[in-house]
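For ligands, and for the atoms within them, numbers begin at 1 and follow the listed sequence. This is a predicted model, so every value here is computed, not measured.
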Amino acid sequence: MLLRKYLVKNLKMKPVIPYYLIFGCFWLGIFFESAKHILVHSDAYPHKWEKLYLVHHWPVTVCKMSKNDCKDPEMYWTIHGLWPDKTEDCNKTWHFNISELQDIMGDMKQFWPDVLHPNHTSFWKHEWDKHGTCAATLETLNSQKKYFSKALEFYKKINLNSYLLKVGIKPGSTYYELAAIRDALTSVYSVEPKIQCLSPEEGQLQTIGQIKFCLTKEFTLRNCTESTSISSSYHEHFFKEEELSICNDTLTYYPSHLHT
Ligand SMILES: *[C@@H]1O[C@H](CO)[C@@H](O)[C@H](O)[C@H]1NC(C)=O
Ligand SMILES: *[C@@H]1O[C@H](CO)[C@@H](O)[C@H](O)[C@H]1NC(C)=O
Ligand SMILES: *[C@@H]1O[C@H](CO)[C@@H](O)[C@H](O)[C@H]1NC(C)=O
Ligand SMILES: *[C@@H]1O[C@H](CO)[C@@H](O)[C@H](O)[C@H]1NC(C)=O
Ligand SMILES: *[C@@H]1O[C@H](CO)[C@@H](O)[C@H](O)[C@H]1NC(C)=O
């Protein structure tokens with residue numbers, strides 16, 4: 001009965017509907033316009049992250065992964081980046097400005113080189129755009145100089161190169177059980193870093209490529225929990241690092257030359 005009454009009423013009102021429609025659309029339009037504004041606006045802030053990765057890479061392996069003809073890859077672990085988890089590209093209007101790195105240029109070139117190209121600028125710009133703009137929500141990292149300096153400071157503090165040598169793990173034509181590398185690192189740092197490898201070519205062994213240390217927002221080392229690594233396969237990578245994956249528990253090359 002009720003339904004019928006409703007239908008009748010509506011039928012009777014039919015000629016009026018276009019006005020409702022036009023009027024309704026108008027308000028609906030206003031509503032979505034402001035909703036869109038709110039969404040876009042809030043989109044500038046939800047870049048929440050929990051920990052930082054200080055990523056080291058092994059230049060010989062980076063060169064192996066590239067078609068680029070590296071002449072003399074560094075024979076020490078260099079910085080790939082300082083990456084907040086869970087977020088990327090947080091502020092597209094905050095442009096990279098190389099002048100801000102003037103005071104730390106010596107260290108930047110030595111410890112944070114673009115392994116593949118003589119001009120490091122576009123690598124550093126990439127790191128700033130993709131990761132630095134997100135890290136900058138911390139006051140301790142809220143300028144380009146602070147961000148790059150802090151990464152350098154931590155790289156030196158972690159001192160991966162000398163600790164590896166100290167425990168007798170050296171690059172060369174020999175290979176290691178992954179567990180030996182992992183246990184050595186864990187005993188030195190009391191945390192377990194993530195170790196990434198290049199998958200083996202046929203009949204070969206995996207090759208160590210990257211070591212990621214996890215840091216709290218207060219810059220203390222912490223264990224990396226497995227779960228929350230950002231899935232960034234759809235993002236642009238600088239060094240084809242999508243070819244790296246968590247190393248398997250097998251024999252592992254730590255090469256000193258491009259061709260082993
Ligand atoms: C993005 O960067 C610009 C330029 O540095 C700055 O003015 C703005 O506040 C930043 N926005 C956010 C959400 O941090
Ligand atoms: C880049 O940084 C330098 C040094 O801090 C500053 O003088 C200059 O104005 C900046 N340039 C731009 C385009 O922001
Ligand atoms: C390096 O590349 C940047 C742009 O990517 C350019 O502005 C700069 O002049 C280059 N530096 C040298 C020394 O070639
Ligand atoms: C990290 O995990 C290891 C066990 O894998 C544990 O022994 C160590 O205490 C942990 N370190 C921190 C700082 O939580
Ligand atoms: C580890 O083993 C899995 C399964 O065999 C394989 O898919 C993956 O590519 C291997 N990873 C590396 C770094 O070799």
Side-chain angles (χ1 to χ4, degrees), residues 36-54 68 71 81-102 104-110 112-150 154 157-158 160 163 167 177-195 211-229 236-239 246-247 249:
K36 197 172 88 192
H37 189 77
I38 290 162
L39 283 175
V40 168
H41 185 72
S42 66
D43 192 40
Y45 292 98
H47 299 292
K48 290 235 171 72
W49 52 269
E50 285 166 11
K51 60 175 181 276
L52 290 156
Y53 295 103
L54 182 63
N68 186 311
K71 296 253 155 47
L82 179 65
W83 304 346
D85 63 345
K86 299 181 183 172
T87 176
E88 290 180 347
D89 293 315
C90 296
N91 189 341
K92 295 207 155 82
T93 63
W94 199 343
H95 300 299
F96 178 71
N97 176 355
I98 188 119
S99 313
E100 301 205 10
L101 305 187
Q102 209 120 53
I104 53 171
M105 195 48 77
D107 277 2
M108 288 297 295
K109 285 181 177 163
Q110 187 177 355
W112 203 329
D114 178 341
V115 172
L116 303 179
H117 311 100
N119 183 342
H120 314 291
T121 306
S122 56
F123 173 41
W124 296 335
K125 176 185 182 324
H126 170 89
E127 291 300 309
W128 170 254
D129 291 349
K130 188 167 171 182
H131 307 289
T133 56
C134 300
T137 52
L138 281 193
E139 210 203 306
T140 43
L141 299 174
N142 68 1
S143 73
Q144 292 173 43
K145 183 159 180 201
K146 283 188 195 174
Y147 171 73
F148 288 99
S149 302
K150 201 74 180 172
F154 254 80
K157 211 170 210 169
I158 287 176
L160 177 63
Y163 279 117
V167 296
E177 281 287 352
L178 179 76
I181 300 176
R182 192 187 48 224
D183 293 351
L185 291 174
T186 308
S187 72
V188 169
Y189 297 104
S190 307
V191 292
E192 198 173 307
K194 284 194 183 191
I195 310 175
I211 299 181
K212 298 177 167 183
F213 287 92
C214 291
L215 303 173
T216 64
K217 291 183 176 178
E218 292 75 39
F219 297 97
T220 55
L221 282 172
R222 52 160 284 174
N223 278 319
C224 306
T225 46
E226 285 304 320
S227 56
T228 56
S229 136
E236 212 181 298
H237 289 287
F238 205 84
F239 292 118
I246 295 293
C247 303
D249 253 323

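Considering backbone and side-chain N/O atoms, Asn223 comes within less than 3.5 Å of an N/O atom of ligand 4.
Against a heavy-atom cut-off of under 4.0 Å, Asn91 is close to the following atoms of ligand 1: 1 (C), 2 (O), 3 (C), 8 (C), 10 (C), 11 (N), 12 (C), 14 (O). Interface atoms of ligand 1 facing Thr93, defined by a heavy-atom separation under 4.0 Å, are 1 (C), 2 (O), 3 (C). Listed by number with element, the atoms of ligand 4 under 4.0 Å from a non-hydrogen atom of Val191 are 13 (C).
Using cut-offs of 30° and 60° for the angle between ring planes, the Trp83 and His131 rings count as parallel. Between Trp94 and Trp128, the ring planes lie perpendicular to each other; the angle is over 60°, past the 30° to 60° tilted range. Under the 30°/60° scheme for interplanar angles, the aromatic rings of Phe148 and Trp112 are found to be tilted.
Among protein heavy atoms, atom 9 (O) of ligand 4 sits closest to Ser190 O, 4.4 Å. Nearest to atom 5 (O) of ligand 4 among the protein's heavy atoms is Glu192 OE1, 3.9 Å.
For atom 13 (C) of ligand 3, the protein comes within 4.0 Å by no heavy atom at all. The presence of a protein heavy atom under 4.0 Å from atom 7 (O) of ligand 4 is ruled out.
Between Phe123 and Val115 there is no side-chain heavy-atom pair separated by less than 4.5 Å. Between His120 and Met108, the closest side-chain pair of non-hydrogen atoms is not below 4.5 Å.
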Please test Phe213 against Phe154 for ring pair (Phe, Tyr, Trp, His ring centres under 6.0 Å), starting from the C-alpha separation and ending with a verdict.
CA-CA 10 Å; Phe213 287 92; Phe154 254 80; over 10 Å; no
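Between the choices Asp114, Ile98, Asn119, the shortest heavy-atom distance to atom 2 (O) of ligand 3 belongs to Asn119.
Cation-pi geometry between Lys150 and Phe219 is satisfied (NZ or CZ under 6.0 Å from the ring centre, within 45° of the ring normal).
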